[in-house]
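Accompanying notes for the structure given below.
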Amino acid sequence: MFESEFEEKLYGERIETLKKISELGQPLYPNTYPVTMTIPEARAKFGALSAEDLEAQKPPVAIAGRIMAIRLQGKTGFATLQQNGERLQIYVRKDAVSEEQFALYKLLDLGDHIGVQGYIFRTRTGELTIHVESLSFLTKALLPLPDKFSGLADIETRYRRRYLDLFTDTGDFEELAPAEEGGAPQQGQRLRAPSREVFVKRAKVLRAIRNYFDSRGYIEVETPMMQSIAGGAAARPFQTHHNALDLDLYLRIAPELYLKRLVVGGVDRVYEINRNFRNEGISTQHNPEFTMLEFYQAYANYWDLMQITEELITYVANEVNGTTIARFPLPKGKRAGQMVEIDLAKWRRLSMREAIITFWPEAAGAKPGMDSFASRDAVASFVQQLRSAGIDLPYDAKEPLGRTIATIFETIAEEHLVEPTIIYDFPLAVSPLSKVKPDEPEWVERFEFYIGGFEVGNAFSELNDPEDQRRRFEMQLEEKARGDEEAHAMDEDYVRALAYGLPPTGGEGIGIDRLTMLLTGSRSIRDVILFPLLRPQQKHGEKQEHGESAE
RNA sequence: GGACGCGUAGCUCAAUUGGCAGAGCAUUCGACUCUUAAUCGACAGGUUGAAGGUUCGAUUCCUUCCGCGUCCA
């Protein structure tokens, strides 16, 4: 457990301190403390009252918190308690508490939990403070806290020890001027919110989404996380095994096919918010387990979903931040790291083909025409044009035409989609579960929406023709045979479900982690996931083959 | 998977051209009855991520490995 002799020594000293606290008659790990309010409640209730008002009332309170700062000066002392991310100062005088309790105060360390009872007043400098009449020891911190002002700066430690990050992180600020002699450094605009605030907002995001759908007649459900066919998306799954049934299973990559089975079953409006698992790389936008919202609505198509999307994102932004303006550091591309302001209520819509034309790089020569995407030769020459302009573009002459078009889109357009943008009409070849456009058989009624330069959601009019669905799965099997490990597997039971009749339905998935990144100004998905996946840490001693002995 | 960067005391950070590893906070001891990044005095705290190499001498240069970050695939 100990990382150094220093830590071990300090731990031992604090165990000794615990004994002394016990000798003062304090239980060492009491199971409760009778608070009258939380620290945030106390600040809200008394924060506006003047010193005179407080002096007249001497409002009695009992609160509890963790000691984040402590200043002892002879026969008196101050300490700062923290609870629920807010702080309140306490004032302890030797002549206001019992002898044992002042002895206890002198034995307190940074990080300890205590409860105090007394009355609220303001100090000479005006700070809201509790004049302590009685204090109780609650729990000891046996290990040292991170730097009391800077907190944890090391990103890795913040992820690995999120418990420390949550109560010590104060966010990042723009550096304005160097610290003056003996003073605190000047702080500018906040660049990153405190960790705790990010996760409080994440909870608000979930609450707002549930409010939105619950008030519109949707039913929230939970469908299998362990599936014998990992369907509903193009991704590699994690594999597991059920011993009693001797059954290979996959962790789900999407809930999609189960949710549409529910629509077949007459659950016309349904949503699920839950984890998906994809056995892929890790980046600032990818964690192997991530949270996805999927919702389905019978008798709706992708045009209806576009409207719902714009409404939902606007609603959630207002609920969470009180504004639709999001300040967000771009996570990738040429402008990576740049802070941008995005209005989540202002949307534009472009078809995929329009987006390719709009963001066609000048260096690549003549822009494609709208009608040129139907020709394999034309699209192949687009690839050559882009490559000769120095753009790295994967291309396989044997891959379906639609896949090439989708790759071109992702390569040249995605990073430009910073303002909320709906990209609609996708190639059939990359959309095995979407309904074909009636007038264009190679294109489907599907859209993705992009904010901040990355994909946040994906939606389509659901393919509900079982014959067509079977053919699409068969096309996917050919892709699999061609070497595409992410191609969809055949799901006979899903085709059978469609054969009972799926009404016309629109469905959509939205990445909750990415949406939370936008609403909290977080540059990495790891900043919005409490315990992101990291490689397990090796201890130095474990790597050494031969133990070295001093003797 | 590739390129680049980072790893120094518990925490936050220094260390000039390759020349005695240092400061603040925290800890320990002492002083202090309105402090608030409290203040003042004293002590202690290091295998510079790991292993190897070059050198009279390596935190610094080189190689490999480990972990993390960023960009790209």
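In what follows, chains carry the letters A, B, and so on, assigned in the order in which the sequence lines appear, proteins first and then strands, with residues in each chain numbered from 1.
A straight line from CD1 of A:Ile70 to P of B:rC25 spans 17 Å, rounded to a whole angstrom. Rounded to whole angstrom, the span from the CD atom of A:Gln73 across to the C1' atom of B:rU39 amounts to 9 Å. Put simply, NZ on A:Lys75 is 17 Å from P on B:rU35, counting in whole angstrom units. Between A:Glu485 atom CD and B:rA73 atom P there is a gap of 19 Å when expressed in whole angstrom units. What separates CG of A:Leu10 from P of B:rC29 is a distance of 11 Å, to the nearest Å. Separating the CD atom of A:Gln89 from the P atom of B:rA37 is a distance of 10 Å, rounded to the nearest angstrom. B:rC68 atom C1' lies 5 Å from atom CD of A:Glu156, rounded to whole Å. B:rA26 atom P lies 12 Å from atom CZ of A:Arg14, rounded to whole Å.
Across the C1' atoms, B:rU54 and B:rU63 are found 11 Å apart, a figure rounded to whole Å. Rounded to whole Å, the separation between the C1' atoms of B:rC13 and B:rC40 comes to 24 Å. For B:rU60 and B:rG52, the P atoms lie 14 Å apart once the distance is rounded to whole Å. The separation of B:rG49 from B:rG10, taken at their P atoms, amounts to 12 Å, rounded to a whole angstrom. Nucleotides B:rG24 and B:rG45 place their P atoms 16 Å apart, quoted to the nearest Å. When the C1' atom is compared between B:rA9 and B:rU59, the two are found 14 Å apart, to the nearest whole Å. Taking the P atom of each, B:rC65 and B:rA42 are spaced 49 Å apart, rounded to whole Å. Of the C1' atoms belonging to B:rU55 and B:rG30, the separation is 48 Å, rounded to the nearest Å.
Residue A:Arg535 places at least one side-chain N or O closer than 4.0 Å to OP1 or OP2 of B:rC68. Not one side-chain nitrogen or oxygen of A:Arg122 sits closer than 4.0 Å to the OP1 or OP2 atom of B:rC34.
Searching all strands for a Watson-Crick or G-U wobble partner of B:rG19 with both distances below 3.5 Å returns B:rC56. Both distances falling under 3.5 Å, in either a Watson-Crick or a G-U wobble arrangement, occur for no nucleotide opposite B:rU8. Both distances falling under 3.5 Å, in either a Watson-Crick or a G-U wobble arrangement, place B:rG41 opposite B:rC29. Base pairing of B:rC65 is made with B:rG49, judged by Watson-Crick or G-U wobble geometry with both donor-acceptor distances under 3.5 Å. Under the Watson-Crick or G-U wobble criterion, with both distances below 3.5 Å, B:rG1 is paired with B:rC72.
Cation-pi check for A:Arg196 over A:Phe167 is not met; the charged atom does not lie both under 6.0 angstrom from the ring centroid and within 45 degrees of its normal.
Comparing A:Tyr91 and A:Arg523, the nucleotide of RNA chain B nearest to each residue sits closer to the 5' end for A:Tyr91. Position along RNA chain B of the nearest nucleotide to A:Gly74 versus A:Leu534 favours A:Gly74 as the more 5'-ward residue.
Scanning residues 404-416 of chain A for heavy-atom distances under 4.0 Å to RNA chain B yields an empty list.
More than 12 heavy-atom neighbours from other residues, nucleotides or ligands sit within 6.0 angstrom of CZ on A:Arg482. Enclosure of atom CZ in A:Arg236 is not indicated, since only 12 or fewer non-hydrogen atoms of other residues, nucleotides or ligands lie within 6.0 angstrom. In the displayed structure, A:Phe78 atom CZ is contacted under 6.0 Å by more than 12 heavy atoms of other residues, nucleotides or ligands.
Using a 4.5 Å cut-off on side-chain heavy atoms (C-beta onward), A:Arg66 and A:Leu110 make no contact.
The aromatic rings of A:Tyr119 and A:His131 sit parallel, their planes meeting at an angle under 30°, below the 60° perpendicular limit.
Comparing B:rU70, B:rU33, B:rG67 by their closest approach to the side chain of A:Arg160 singles out B:rG67.
Within the nucleic acid shown, A:Tyr11 has no heavy atom closer than 4.0 Å to any nucleic acid atom. Residue A:Arg335 is out of contact with every strand shown, counting any heavy-atom pair closer than 4.0 Å. Within the nucleic acid shown, A:Thr168 has no heavy atom closer than 4.0 Å to any nucleic acid atom. Within the 4.0 angstrom heavy-atom criterion, no nucleotide atom of any strand lies near A:Leu143.
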Checklist outcome for this item: With B for base contact, S for sugar-phosphate-only contact and - for none (protein heavy atoms under 4.0 Å), nucleotides 5-13 of chain B reads -----BBSS
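For a distance-only test at 3.5 Å, the side chain of A:Glu13 fails to qualify as a donor-acceptor partner of the base of B:rU27.
A salt bridge links A:Asp169 to A:Arg192: at least one charged side-chain nitrogen sits closer than 4.0 Å to a carboxylate oxygen. A salt bridge links A:Glu13 to A:Lys9: at least one charged side-chain nitrogen sits closer than 4.0 Å to a carboxylate oxygen.
Taking the salt bridge (charged side-chain N to carboxylate O under 4.0 Å, His left out) definition, one finds that A:Glu100 meets it with nothing, sequence neighbours left out.
The six-membered or imidazole ring of A:Tyr450 lies near that of A:Phe409, with a centre-to-centre distance under 6.0 Å.
For A:Thr80 against A:Arg87, the heavy-atom pair with the smallest separation is CG2-CB, 3.7 Å.
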Next on the checklist: side chain to side chain contact (heavy atoms under 4.5 Å, CB included) for A:Ile451 and A:Leu417? Distances and angles first, verdict last.
Outcome noted: CA-CA 6 Å; A:Ile451 307 174; A:Leu417 305 178; over 6 Å; no
